[in-house]
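Written below as structure tokens is the structure these notes are about.
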Protein chains: 2
Amino acid sequence: MAETRERIFEAAKQLGWRPNSVARSLSLGRAYALGMLIPTFANPAYASMIAGAQRAAEDSGNVLLVTDTSDNEARMKVQIERLADRADGFVVASAALNSPTVALLQERGLPFVLLNRRSAGEHVSVVGDDEAGVHMSLEYLSLLGHRRIAYLAGPRGVDTVERRVGAFRDFVRSQGLPMPKDWVYRGSLAPDRLLAGLTRIMSAPADERPTAVVAVNLLTASQVLSGLRGLGIGVPEDVSVVGFDDWPLAEHLWRPLTTVRMPTEAMGEQAVRELLTVLEGQSSPRETRVEVPPELIIRESTAIPPVPALRSARRPR
Amino acid sequence: MAETRERIFEAAKQLGWRPNSVARSLSLGRAYALGMLIPTFANPAYASMIAGAQRAAEDSGNVLLVTDTSDNEARMKVQIERLADRADGFVVASAALNSPTVALLQERGLPFVLLNRRSAGEHVSVVGDDEAGVHMSLEYLSLLGHRRIAYLAGPRGVDTVERRVGAFRDFVRSQGLPMPKDWVYRGSLAPDRLLAGLTRIMSAPADERPTAVVAVNLLTASQVLSGLRGLGIGVPEDVSVVGFDDWPLAEHLWRPLTTVRMPTEAMGEQAVRELLTVLEGQSSPRETRVEVPPELIIRESTAIPPVPALRSARRPR
DNA sequence: TTGTAAGCGTTATCAA
DNA sequence: TTGATAACGCTTACAA
């Protein structure tokens, strides 16, 4: 009986015997391990997705095998090959919108769920409500009186980024805000390029340039802060800055950063739960939004727009 | 012959066949996987150790299985149990000075090398030159003219921390600098506790309190910056601040932080190389120092001490 | 209920 | 050189 089996297992364990998980995997055809592909450990947002995922994995008796892909498709391929038999499925947080990796997983029949970044085609994915996050930051700026708002997005091709810019554009349109072409920056996020872009946007006279800048992520936001500081533009008295993602250091930047905190930990957690149901064959392609809503963390990088700007905005043309 | 074997493997691969790595592990008794235990993904210093380790692992045909231990011994135990058969050895970056985990690894005969943090007893370990890092930051402060220097270390029990405080104490002694008892803070690094400690140290009159504060890591340093800002103490004009570890955000803090950059990536790399030699049975217990020296990144949080302090320091008593 | 054997996909050994 | 076979350590199905 099962109970006796348990007792024997326990007794054996006391004597120093432990079942060999490799042999177990081979016999069972199941590894009780889940792979997780992360663009980079360097981005703190992923650190907490991993933390959440790992907790969920451990709670369900699985181990989580995490790798850093550097957003490099060739590396991802190698890692998937090497982990294919050792893991029962994958949480993929580093998919590009058109990723050969996703194709590879599909053709090899490896179960997977996308996290944070979706990809073209049908598959199960778990994402946070980035649109709501952007929306709430814009609403807040709007409430403060800002009407001229720029968005620093970075290059095309990543789902999350597109969702965030999309939400920005929707808001701007629905509120009838001004939208000169270069107020949405789509260039490289490399420090010098970004600074050049920011400088261009800010080179207009004070009553024509944006009174608020929204950045696509935390690092970009902090570069913006430093950039404005270098340009001699005050934050928040001249320009307000809002970031995306949160992290202890965000509080200690040149100006403590107002930013959108995404439920990253819950996202990681839900991704593995979703993957587990896929492994049980219970799931069909669909997109899951994590229920936990984003949160706007208001600190000191935002304020009402400068008075001249207000005057100019109200002056009839 | 071996060559034919290769050709057949290649042909089979074309046809979609791939050797099953689990079966391979079982047969070979070797998994070609290495475990890595990290205190927390949230600390950016570890992110780059992982990056280095993963590169070295991949280059040698291994996969790196990384887990976040939360510095929790119980969790480490579970993770080691679950990875014991799936990995050939472990890189342990989250060992406490007296860690049951190390004992566990030893009694189960699992090969391992300690990274960054050493532990009591004999074992192979890879560390950076923390002492040199601290030393160079203190030399720099000294050169600027600082003589009253405080060190915020945090709780006892972690090897790296002890090495850093040790180096601080050595320097202070060798230079005959003043060293009131509470200038070395050994309390909790929780924000409120740390702030209380800092406030106490800074509550002395300006010409008696420290003119420079050195922090044990990046987060602590940024908390110190914010703390001083809150106290209305200027950085660097009233007090200089030096951190430990570097990260892109360090440049964007309230004051761009002068800090010691450790060769974290090289450390991770070397740890897996070291582990690989252990696995080949070539290694006896020893400590390896990573050759790459620390680097002092000078930014804007340090300057010459304030003039009144200089005057007071020079005034004969 | 208990014990035995087959199978998981490799590699390694030993005859042929 | 080739080909069959045991072994890795577990699970499960089937006979005793």
Side-chain angles (χ1 to χ4, degrees), chain A residues 1-35 57-58 60-65 77-90 104-105 107-112 276 278-281, chain B residues 1-35 57-58 60-65 77-90 104-105 107-112 276 278-281:
Chain A
M1 50 180 113
E3 186 200 321
T4 320
R5 186 187 139 88
E6 272 318 304
R7 294 228 316 270
I8 292 179
F9 259 64
E10 270 318 304
K13 226 172 205 170
Q14 300 303 326
L15 295 167
W17 174 89
R18 275 166 190 76
N20 180 309
S21 27
V22 173
R24 202 155 188 276
S25 295
L26 185 60
S27 172
L28 248 39
R30 176 126 190 209
Y32 292 97
L34 308 174
E58 284 177 5
S60 59
N62 292 85
V63 269
L64 192 70
L65 314 178
K77 192 178 144 89
V78 172
Q79 294 170 350
I80 289 173
E81 296 293 357
R82 291 200 184 156
L83 288 177
D85 308 310
R86 308 162 130 112
D88 302 319
F90 291 86
L104 174 66
L105 288 164
E107 90 190 21
R108 299 223 15 200
L110 298 168
F112 68 98
L276 290 172
V278 171
L279 292 179
E280 273 147 28
Chain B
M1 49 182 110
E3 185 201 323
T4 320
R5 186 188 138 88
E6 271 318 304
R7 294 229 316 269
I8 293 180
F9 259 63
E10 270 318 304
K13 225 172 204 169
Q14 300 303 325
L15 294 167
W17 174 89
R18 275 163 190 77
N20 181 308
S21 27
V22 174
R24 201 156 189 276
S25 296
L26 184 59
S27 174
L28 249 41
R30 175 126 188 208
Y32 291 99
L34 308 174
E58 284 178 4
S60 59
N62 293 87
V63 271
L64 191 70
L65 314 178
K77 192 179 145 90
V78 172
Q79 295 171 349
I80 289 172
E81 296 291 357
R82 291 201 184 156
L83 288 176
D85 308 310
R86 307 161 132 112
D88 302 319
F90 290 86
L104 174 66
L105 287 163
E107 90 191 21
R108 298 226 14 204
L110 298 168
F112 68 99
L276 289 173
V278 171
L279 292 179
E280 273 147 28

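Labels below follow one simple rule: chain letters A, B, ... track the order of the sequence lines, proteins then strands, and each chain is numbered from 1.
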Practice prompt. Only counting residues at least two apart or in another chain, list the ones meeting salt bridge (Lys or Arg N to Asp or Glu O under 4.0 Å) with A:Asp88.
Written response: A:Arg30
Worksheet item: Is the distance from OP1 or OP2 of C:dG9 to the nearest side-chain N or O of B:Arg24 less than 4.0 Å?
Response: no
Practice prompt. Would you mind reporting whether B:Arg86 and A:Tyr32 have side-chain heavy atoms less than 4.5 Å apart?
Written response: yes
Using whole Å, what does the distance between atom [atom2] of nucleotide [N] and atom [atom1] of [X] come to?
X       : N      : atom1 : atom2 : value
A:Arg30 : C:dG9  : CZ    : P     : 17 Å
A:Tyr32 : C:dC8  : OH    : P     : 18 Å
B:Arg86 : D:dC8  : CZ    : C1'   : 17 Å
A:Arg18 : D:dC8  : CZ    : P     : 21 Å
B:Asp85 : D:dC10 : CG    : C1'   : 11 Å

List for me each residue that meets side-chain contact (heavy atoms from CB on, under 4.5 Å) alongside [X], sequence neighbours excluded, and say none if there are none.
X        : answer
A:Ser27  : none
A:Arg108 : A:Glu81, A:Ala84, A:Leu104, A:Leu110, B:Arg18
B:Ala23  : A:Leu26, B:Asn20

Worksheet item: Starting at the 5' end of DNA chain D, what dot-bracket string do you get if Watson-Crick and G-U pairs under 3.5 Å are bracketed, crossing pairs use [ ], other-strand pairs use | and unpaired bases use dots?
Response: ||||||||||||||.|
Practice prompt. Please report the shortest heavy-atom distance between B:Ala33 and B:Asn62, naming the atom on each side.
Written response: N-ND2, 3.6 Å
Fill in: Contacts of B:Asp85 that satisfy side-chain hydrogen bond (donor to acceptor under 3.5 Å, both in side chains) - sequence neighbours left out
A:Ser21
Worksheet entry | Closest listed nucleotide, where the reference is the side chain of A:Leu28 and the choices are C:dT11, D:dC8, D:dT11 | D:dT11
Worksheet entry | Separation between CG of B:Leu83 and CG of B:Leu65, rounded to the nearest 0.5 Å | 6.0 Å
List every contact pair, protein side and nucleotides 4-7 of chain C side both N or O, where the distance is under 3.5 Å.
unit_1	atom_1	unit_2	atom_2	d
C:dG7	N2	A:Ser27	OG	3.4

